[in-house]
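Start at 1 and go down the list; that is how both ligands and their atoms are numbered.
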Amino acid sequence: MSTIVVVGTQWGDEGKGKIVDFLASQADVVARFQGGSNAGHTVTNEGREYKLHLLPSGILYSGCTCVIGNDVVLDPKLLLDEIDSMKALNRPMGTLRISNRCHVVMPYHKRLDALQEQFRGSSKVGTTGHGIGPCYADAADRIGIRVVSWMDKEAFATELKAALAYKNKLLTNVFGAEPFDFLEIFDEYCGYAERLRPYVCDTSSLMNKLIDEDKRILFEGAQAAMLDLSHGTYPFVTSSHPTAGAACIGLGIGPKCIQKVVGVVKAYATRVGEGPFPTEQLNENGVKLREIAHEYGATTGRPRRTGWLDMSVVRYAAQINGLDCIAITRLDILDTFPEIKICTGYRLNGEALHEFPASLKVLGQVEPVYETLPGWMCDTSAIREYSKLPANCRAYAERIAELAGTRLGIVSVGPSREQTIVLEKMF
Ligand code: GDP
Ligand code: IMO
Ligand code: MG
């Protein structure tokens, strides 16, 4: 067995797609285990950029089996658009498999996502608007529609009617919005079902078989620790568990099937959407980071909030994921900063905090403790060996690993596969 979970350690967009695509050259399988089309994973190959939302980041390898696990919420239209745009490129693709237990994102989930955000007003979450929260809520509420029912016209009609009876009441009576028409959704979604049917299977059986066959498997996390429903900055979180433990439930495999956990750490911090962000830099440093790094959301195009790397956050991510090592991405973005700050911990009323605050009120009041490290002021993007990186750059990377209490596994100095320096054997 040879398995690695790759997870985000901050607020998402750390470069998980790039790291998964890089590692996938040695893998047989890449499996997504949570989230949905809210994810935007960028993979750069042969100068071309691919923005993946539902397709796992192994899809560019023809020999790779790409699995969409049971706890991914599936937007069929967006998935079909992604498949079509891949096919239009006429390049070999991995083999796609979709769990028959995924919940399906319906048009009313997206409408409700928007209406709930509107209702929250100034306390909105800043969701991606992809219907993710309402779809997971329906799963928990036991009125969701799973792929297995959706593929069976009779069961789909019954379940959609039951769901609409409730949702249309909610839409009209609570929100004063237009109801949905049963036949319109039914016809549209039956069309999608026929096109996606060939990919659908029991992915838990498949994953267990692949594990038994000793295949090399990557579990690809979406979002990140701070957006975890249980462990993140609730309520400014997503509605799934973007942490390593969720790979088991989200794919129907046992906990002993996880061998290694890699946390992706962006060399600075970003956040899209609302919620606390203690190291946010609402100044020229923040603007410089956003412009150099082109920090705009891959899914919504929103400008990302930017700040210095927060090791309280990364250390907490190491704790809740059991990280073995980290992959530091976007080090090259810091090439022109004469000084780089790193937050080593928080203080509250002058006292050091030893645990990551559960309370948003507290998180809003903490004072980040910064350490200032000298920059390296040279272009690192063409460097391919760790020892050739400037000493100050290595010192920064090593300080991050030290503060996280993990090994330094990978350093990334650009978006493409070649711009990756490996310090630890991964498979
Ligand atoms: P993900 O959601 O974690 O997969 O990350 P995103 O794709 O949303 O955002 C990461 C961005 O950083 C993408 O545009 C990547 O192409 C880019 N990227 C990844 N690693 C590096 C790196 O080391 N240097 C630079 N300059 N860009 C990188
Ligand atoms: P990747 O996989 C960054 C954020 C949204 C919002 C909150 C809830 O590309 O790292 P949701 O639509 O999930 O209900 O929104 O979570 N969010 C992300 N932020 N990267 C992502 O994915 C995100 N997916 C959701 O901005 O604050
Ligand atoms: Mg992203």
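Using a 4.0 angstrom heavy-atom cutoff, His130 does not count as in contact with ligand 2. Assignment of Gly414 to the shell around ligand 1 is supported, since a heavy atom sits closer than 4.0 Å. Residue contact check for ligand 2: Ser239 places no non-hydrogen atom closer than 4.0 Å to it. Ligand 1 lies less than 4.0 angstrom from a heavy atom belonging to Gly40. For the ligand labelled ligand 2, residue Ala224 lies outside the 4.0 Å heavy-atom shell. Put simply, no part of Asp113 is less than 4.0 Å from ligand 2, judged by heavy atoms.
Judged as a side-chain hydrogen bond (donor to acceptor under 3.5 Å, both in side chains), the pairs with a partner in residues 114-124 (not counting sequence neighbours) are, in order, Glu117-Arg120.
Counting atoms of ligand 2 from 1 in the listed order, those under 4.0 Å from a heavy atom of Val272 are 3 (C), 19 (N), 26 (O), 27 (O). Here is the list of ligand 2 atoms found below 4.0 Å of a heavy atom in Val237: 7 (C), 8 (C). Applying the 4.0 Å criterion to heavy atoms of His41 picks out, from ligand 1, the atoms 1 (P), 2 (O), 4 (O), 7 (O). Below 4.0 Å from some heavy atom of Ala222 lie the following atoms of ligand 2, by number and element: 2 (O). Within ligand 1, counting atoms from 1 as listed, the ones closer than 4.0 Å to a heavy atom of Ser412 are 20 (N), 21 (C), 22 (C), 23 (O). With ligand atoms numbered from 1 in the order given, ligand 2 contributes 5 (C), 6 (C), 26 (O), 27 (O) to contacts under 4.0 Å with heavy atoms of Gly126. Close contacts of ligand 2 with Gly273, meaning ligand atoms under 4.0 Å from a residue heavy atom, involve 27 (O). Every atom of ligand 1 with a heavy atom of Gly17 under 4.0 Å away is listed here by number and element: 4 (O). Of all atoms in ligand 2, listed by their number and element, those nearer than 4.0 Å to a heavy atom of Asp13 are 1 (P), 3 (C), 9 (O), 10 (O), 20 (N). Taking a cut-off of under 4.0 Å to the non-hydrogen atoms of Val413, the atoms of ligand 1 that pass are 23 (O), 24 (N). For ligand 2, the atoms closer than 4.0 angstrom to any heavy atom of Val125 are 8 (C), 27 (O).
The part of Lys18 lying near ligand 1 is the side chain, judged by heavy-atom distances below 4.0 Å. If you look at Arg302 next to ligand 2, the close heavy atoms, those under 4.0 Å, all belong to the side chain. Contacts between Lys16 and ligand 2, counted as non-hydrogen atom pairs separated by less than 4.0 Å, involve the side chain only. With a 4.0 Å cut-off on non-hydrogen atoms, Leu227 touches ligand 2 through its side chain and not its backbone. When heavy-atom distances to ligand 2 are checked against a 4.0 Å cut-off, His41 comes that close only through its side chain, counted from C-beta outward. Here Trp11 has backbone heavy atoms under 4.0 Å from ligand 2, and that is the only part of it that gets that close. Both the backbone and the side chain of Asp13 come within 4.0 Å of ligand 1, counting heavy atoms alone.
Our summary of the site lists the angle at the Mg ion (ligand 3) between O of Gly40 and OD1 of Asp13 as 160°, to the nearest 10 degrees.
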For this session: Decide side-chain contact (heavy atoms from CB on, under 4.5 Å) for Tyr50 and Leu55; before the verdict, give the C-alpha distance in whole Å, the side-chain angles of both, and the deciding distance to 0.1 Å.
Result: CA-CA 11 Å; Tyr50 302 82; Leu55 287 175; over 6 Å; no
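Using a 4.5 Å heavy-atom cutoff, the side chains of Val105 and Leu78 are not in contact. When side chains are defined from C-beta on, Leu196 does not count as touching Val147, because their heavy atoms never get closer than 4.5 Å. Residues Thr65 and Lys215 have side chains not in contact (no heavy-atom distance under 4.5 Å, counting atoms from C-beta outward). For the pair Asn285/Tyr268, no side-chain contact is recorded, criterion being any heavy-atom separation below 4.5 Å from C-beta on. Using a 4.5 Å cut-off on side-chain heavy atoms (C-beta onward), Ile145 and Tyr189 make no contact.
Inclusion of Ala222 in the first shell of the Mg ion (ligand 3) is not supported: no N, O or S atom falls under 2.8 Å.
In summary, Asp71 and Arg101 do not engage in a salt bridge, as defined by a charged side-chain N under 4.0 Å from a carboxylate O. With respect to Arg195 and Asp84, a salt bridge is recorded, a charged nitrogen being found less than 4.0 Å from a carboxylate O. We find that Lys16 and Glu14 are joined by a salt bridge, their nearest charged nitrogen and carboxylate oxygen being less than 4.0 Å apart.
An N or O contact shorter than 3.5 Å links Arg304 to ligand 1 by distance. Looking at ligand 1, you won't find any N or O of Thr329 less than 3.5 Å from one of its N or O atoms. Below 3.5 Å of separation, one finds an N or O of Gly15 facing an N or O of ligand 1. At least one N/O-N/O distance between Thr42 and ligand 1 falls below 3.5 Å. Residue-to-ligand polar distances place Gly40 within reach of ligand 2: an N/O pair is separated by less than 3.5 Å. Polar contact check, Ile333 against ligand 1: no nitrogen or oxygen pair lies under 3.5 Å apart. Between Thr127 and ligand 2, not a single N/O pair is under 3.5 Å apart. When only interatomic distances are considered, the shortest N/O to N/O separation between Glu274 and ligand 2 does not fall below 3.5 Å. Geometrically, ligand 2 and Gly12 share no nitrogen or oxygen pair separated by less than 3.5 Å.
Residue Glu46 qualifies as open at atom CD: its count of foreign heavy atoms under 6.0 Å is 12 or below.
The two atoms that bring Met207 and Ile253 nearest to each other are CB-CG2, 3.7 Å, heavy atoms only. Contact between Met106 and Ile185 at its shortest, heavy atoms only, is CE-CG2, 3.6 Å.
Classified by interplanar angle (parallel below 30°, tilted 30° to 60°, perpendicular above 60°), the ring pair Phe356/Tyr346 is tilted. Classification of the Phe277-Trp11 ring pair by plane angle, with boundaries at 30° and 60°, yields tilted. In this pair, Phe337 and Trp308 present their aromatic rings perpendicular. The plane angle is above 60°, beyond the 30 to 60° band.
In the model, Asp113 has a side-chain atom that pairs as donor or acceptor with a side-chain atom of Thr127 under 3.5 Å. Judged by distance alone, the side chains of Thr306 and Glu295 never bring a donor and an acceptor atom under 3.5 Å apart.
Remark: Lys341 is positioned above the aromatic ring of Tyr370, its terminal NZ or CZ atom under 6.0 angstrom from the ring centre and at most 45 degrees off the axis.
Checked against Gln223 for a side-chain hydrogen bond (donor to acceptor under 3.5 Å, both in side chains), the options Asp13, Asn38, Thr238, Thr243 give a single hit: Asn38.
Distances from atom 22 (O) of ligand 2 to the heavy atoms of Gln223, His53, Glu220 show the closest one on Gln223.
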